[in-house]
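Have a look at the structure below, then the notes.
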Amino acid sequence: MPIDINIPSENLSPTRTGGNANLIEEVWRLYDRALAATSNGIVIADATLPDKPIVYCNPAFEQITGYDRSEIIGHNCRFLQGPDTDRTALDQIRVALQEQHDCKVVLKNYRKDGTPFWNELTISPVRDSSGIVTHFIGVQADITDRKQAEFALKQAEAKYRSIFENATEGIFQTAPDGRYLSANPALARMYGYDSPSELIAKCSAKNLYADRTRHAKFIAEISRVGSLKEFESCVFRCDGSTTWISENVREVRGENGELLYYEGSVAEIADRKLAESALLQNEAKWRSLILNSSDIITILDASGRIVYESPSVETVLDYEPEELIGQIILDFIHPDDLPSVISALEKLIANPGDPIALEGRFRRADGSWCFLEAVGINLLADPAVSGIVVNSRDMTARRQAEYRLSKINECFLGFTTDAADNIQRLTALAGELLGGSSAIYSRVDSGLLRAIATWQTPPDYPVVDRAENHICTDVCHKGSDRAVAIPDLQNTIYGQIDPAVIRYQLQSYLGQAVRLGDNYVGSVCVLYTESIAPTEADCKLIGIIAGAIGVEEERAAGAARDRQKSRELQTALRELQQTQMQLVQTEKMSSLGQVLAGIAHEINNPVGFVAGNLCHVRGYVLDLLEIVQVYREEYPNPPAKIQKQAEDIDLGFLAEDLPKLLNSMHTGCDRIVEIIQTLRNFSRTDEAKLKPADIHEGLESTLLMLNSRLKAKPNWQGIQVIKEYGELPKIKCHPGLLNQVFMNILANAMDALEESSSPANKTANSTFPTITIKTETIDNKSIRIRIKDNGPGIPEDNIVRLFDPFFTTKPVGKGTGLGLSISHQIVVEKHNGKLQCLSQPGKGSEFIIEIPIR
């Protein structure tokens, strides 16, 4: 039903409240105190906001859920749900919120610490004065105890139903008029009927007894004392024959004392009635069954003191029966199980003759705990027993199996996509469930035994550097899908050769080989510092874990193969890109070489013509000067006109300077021829072939090509080149390719020097830009070329990537990142040489090229 939380404004009027303006605060304070005092959890959610967050919760809600208010406010109640929360109930809540009506459901939620609890949740919408829903109020009642009680009741009902259906004694309920209300199969068989329903339909307690007065005596006796013990009678069977029975019956009355029905059990005692000897024989037989039963038969007195123990206690708990006589049974119960056992004993005392189920952990003689499941019955009033009989069975193996199964499920559910993490989880699971001192998964690979995953191994566990003489290696090499158990390691060869067995005095080993496809790649094992005898269940468990590790190994191998393929594809792509760029660069260099070769050829013809005729011109001029000198000697006083002309042309200076001028022109032609030769050397159209070459020629031609960048310009002082050439032999190489290497390294050095010497970077301590080229021979086996600059240097992180394709430290558009990569390939792959860079920030860079002498 919608809740109206509006308070009429007139009720808050100062005139009506005696001028008390704090009435609203007082009202809400009272509401808050009331909500804080209730034991039910209360939350208020804002219906106007998305996801309807919680805006209020009372302390009871915090106490029930285990969450602090700061962790609740602003969140939706969904954080309390778990994987097994009833989806139908959640759908009811969702519909109620959407349709804005009341809803009441029962939910299984989870506290902050992960423990489950049941709550009865009522949700109601809150409307404002206009009828619009503004909030939802949730009232939560913790009904965990009730749910647990209902569950326990169902279990008890099922157990009692099983006892009722499978009991060897007849069990019944009859109305006061003698009609059978219920009967079990044993009673039907005893009376000769095919089924309990047939007995109920055809039989009545009034005509059951062969002695007609017996029914009246039954009514009289039970009316007097309220119950009957061992009420013996001769009764008719369905076919008219008779048998003897013994009944234990009691009255069941209502709250007002009205008799509702009789209930009890029936035992057939015909044999006992026929012969005492048969009775004695039966007694001996039952005693033999007790003495030889695998179950423990215990008899307690009213105070819980043990008065009898069957011999099977020695097999199950390792006690001599006499050791336990006179002991208080509660002294042997696990502290956590004491409350439930005490409660069961109290029920036994209060309900004589009623079988009561008990379960708990009982301490063995060695201090370990054994889980016992038992049924007790109070026979203190029976003179033949005079005690509480408890029939116990060892359920440790079943409980252990259930525990192991839950841990395996928990482990598998926690798996991630990381195979190594999953293998670690499985190794830890093996150690935890099999109770070892440590657990290890080792892989045998290339003669090494590596511990891939460990559990509780000591910090100083010996490092394995070889696979021989280790148990795990032998288990792997044997290649079996069966577990290997060694209960006494010290009496085997491993006690003398296995480092771990020797160091830690290991006593027992349980392991199994791990299969990867058709091969065994390692072994998982649990090690013990005491002697143990693994059970069949232990061997199966280690087999399951070994199989799961094999699956993870296969998954990891598949992922590794995928990664390898991906890396190969990426490498192929990079190589393709690099090859493409190298082809472009090579084509550029080839085109440049062809252009230079063409220019050199075109210049060579006219220069050859000039140089070829210049020598003749020089001879002619010298001859003319010689004849002029002869005229001057023979005619010292020439006519005035000749004298004037000689003075005008300064004949003396002309005769002296003209030979010098011709010599200068000859020198210029020689320089032009040298430049043409340099251009030819740099172009190297035959670069695809190995041929002897002079490295100094290549360096000089490259410097000539870059000469314009070395010269001083406005705002640029130029670059000084220092040549320290050694004696180098001609070496077989690709001259054109090496010229490309020199070009790339020298151009990079010039770029660095220009950047560091720019006005923006220039300081008072700046040095003159210098490139030093040094060549030398190394042991007559190779030559070394060092090209060093005094620029800013290269950071250490960039040096390792300097020769990677497409890596560049230059701004976008000023470099492709391929120059040094191609240079490295030319030196290393084409010439089997070495190319390295030595650099420190602020101390310049030096590239060292080594080429073997072929």
Side-chain angles (χ1 to χ4, degrees), residues 404 407-408 411-412 414-434 436-458 461-486 489 492-494 497-501 503-504 506 508-528 534 538-568:
R404 286 180 172 180
K407 295 298 287 185
I408 290 172
C411 178
F412 285 3
F415 274 6
T416 65
T417 56
D418 185 352
D421 179 61
N422 296 341
I423 291 175
Q424 178 63 44
R425 288 171 179 264
L426 288 165
T427 305
L429 179 69
E432 182 180 351
L433 295 186
L434 292 170
S437 57
S438 62
I440 304 171
Y441 168 56
S442 303
R443 186 187 296 152
V444 180
D445 185 18
S446 301
L448 295 178
L449 180 68
R450 295 184 298 153
I452 304 303
T454 61
W455 176 77
Q456 290 189 352
T457 53
Y461 197 83
V463 177
V464 177
D465 54 1
R466 55 189 175 81
E468 294 81 9
N469 300 331
H470 291 272
I471 312 175
C472 293
T473 304
D474 291 347
V475 170
C476 177
H477 287 168
K478 287 178 182 177
S480 172
D481 290 331
R482 294 181 61 82
V484 175
I486 307 177
L489 277 173
T492 66
I493 187 63
Y494 302 113
I497 63 174
D498 192 300
V501 175
R503 175 177 292 186
Y504 301 106
L506 299 174
S508 302
Y509 174 94
L510 176 62
Q512 183 163 327
V514 172
R515 181 197 291 269
L516 176 58
D518 295 331
N519 301 317
Y520 291 90
V521 296
S523 64
V524 59
C525 69
V526 180
L527 302 169
Y528 303 85
D538 294 339
C539 294
K540 287 183 178 179
L541 177 60
I542 199 77
I544 291 172
I545 293 174
I549 291 177
V551 171
E552 292 302 315
E553 286 279 25
E554 181 66 34
R555 190 157 66 88
R561 288 193 295 270
D562 292 341
R563 288 194 297 271
Q564 179 62 27
K565 287 183 179 178
S566 177
R567 285 194 295 269
E568 290 174 357

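The structure displayed is predicted, hence computed values, not measured ones.
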Could you pull out the closest heavy-atom pair between [X] and [Y], with the gap in Å?
{"X": "Gly436", "Y": "Trp455", "result": "O-CZ3, 3.4 Å"}
{"X": "Ala483", "Y": "Leu510", "result": "CB-CD1, 4.3 Å"}
{"X": "Tyr441", "Y": "Ser523", "result": "CD1-O, 3.3 Å"}
{"X": "Ala513", "Y": "Ser480", "result": "CB-O, 3.8 Å"}

Exercise for review: Apply salt bridge (Lys or Arg N to Asp or Glu O under 4.0 Å) to Asp538 and list each qualifying residue two or more places apart in sequence or on a separate chain.
Suggested key: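 Asp538 satisfies salt bridge (Lys or Arg N to Asp or Glu O under 4.0 Å) with Arg404 once adjacent residues are dropped.
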
Point to revise | Set of salt bridge (Lys or Arg N to Asp or Glu O under 4.0 Å) partners for Asp481, sequence neighbours left out | key: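 Only Arg515 meet the salt bridge (Lys or Arg N to Asp or Glu O under 4.0 Å) criterion with Asp481.
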
Exercise for review: Give every residue pair that meets the salt bridge (charged side-chain N to carboxylate O under 4.0 Å, His left out) criterion with at least one member in residues 420-433, sequence neighbours excluded.
Suggested key: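 The answer is Lys407-Glu432, Asp421-Arg425.
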
Exercise for review: For side-chain contact (heavy atoms from CB on, under 4.5 Å), just list the numbers for Ile408 and Leu541, CA-CA rounded to whole Å, side-chain angles, deciding distance to a tenth of an Å, and then say yes or no.
Suggested key: CA-CA 10 Å; Ile408 290 172; Leu541 177 60; 3.5 Å; yes

Say you draw a straight line from [atom1] of [X] to [atom2] of [Y]; how long is it, rounded to the nearest 0.5 Å?
{"X": "Lys478", "Y": "Gln512", "atom1": "NZ", "atom2": "CD", "answer": "13.0 Å"}
{"X": "Ser442", "Y": "Leu449", "atom1": "OG", "atom2": "CG", "answer": "4.5 Å"}
{"X": "Arg443", "Y": "Ile549", "atom1": "CZ", "atom2": "CD1", "answer": "10.5 Å"}

If the condition is side chain to side chain contact (heavy atoms under 4.5 Å, CB included), which residues does [X] pass it with, not counting sequence neighbours?
{"X": "Thr454", "result": "Ile440, Ala451, Thr457"}
{"X": "Leu516", "result": "Val521, Glu553, Glu554"}
{"X": "Thr492", "result": "Ile486, Leu489, Tyr494"}
{"X": "Gln456", "result": "none"}

Point to revise | Residues in side-chain hydrogen bond (donor to acceptor under 3.5 Å, both in side chains) contact with Glu552, at least two apart in sequence or another chain | key: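 Here the qualifying residues are Asn422, Arg555.
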
Practice item. Return the set of residues passing side-chain hydrogen bond (donor to acceptor under 3.5 Å, both in side chains) with Arg567 (not counting sequence neighbours), or none when no residue passes. Key: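 For Arg567 the side-chain hydrogen bond (donor to acceptor under 3.5 Å, both in side chains) partners, ignoring immediate neighbours, are Gln564.
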
Does a side-chain heavy-atom distance below 4.5 Å link [X] with [Y]?
{"X": "His477", "Y": "Val444", "result": "yes"}
{"X": "Leu426", "Y": "Val524", "result": "no"}
{"X": "Pro458", "Y": "Arg503", "result": "no"}
{"X": "Tyr528", "Y": "Leu506", "result": "no"}

Point to revise | Residue pair Val475, Cys525: steps toward the side-chain contact (heavy atoms from CB on, under 4.5 Å) verdict | key: CA-CA 10 Å; Val475 170; Cys525 69; over 6 Å; no

Exercise for review: List the steps, then state whether side-chain contact (heavy atoms from CB on, under 4.5 Å) holds for Tyr509 with Val501.
Suggested key: CA-CA 10 Å; Tyr509 174 94; Val501 175; over 6 Å; no

Exercise for review: Would you sort out whether Asp498 and Asn469 count as a side-chain contact (heavy atoms from CB on, under 4.5 Å), showing the intermediate values?
Suggested key: CA-CA 6 Å; Asp498 192 300; Asn469 300 331; over 6 Å; no

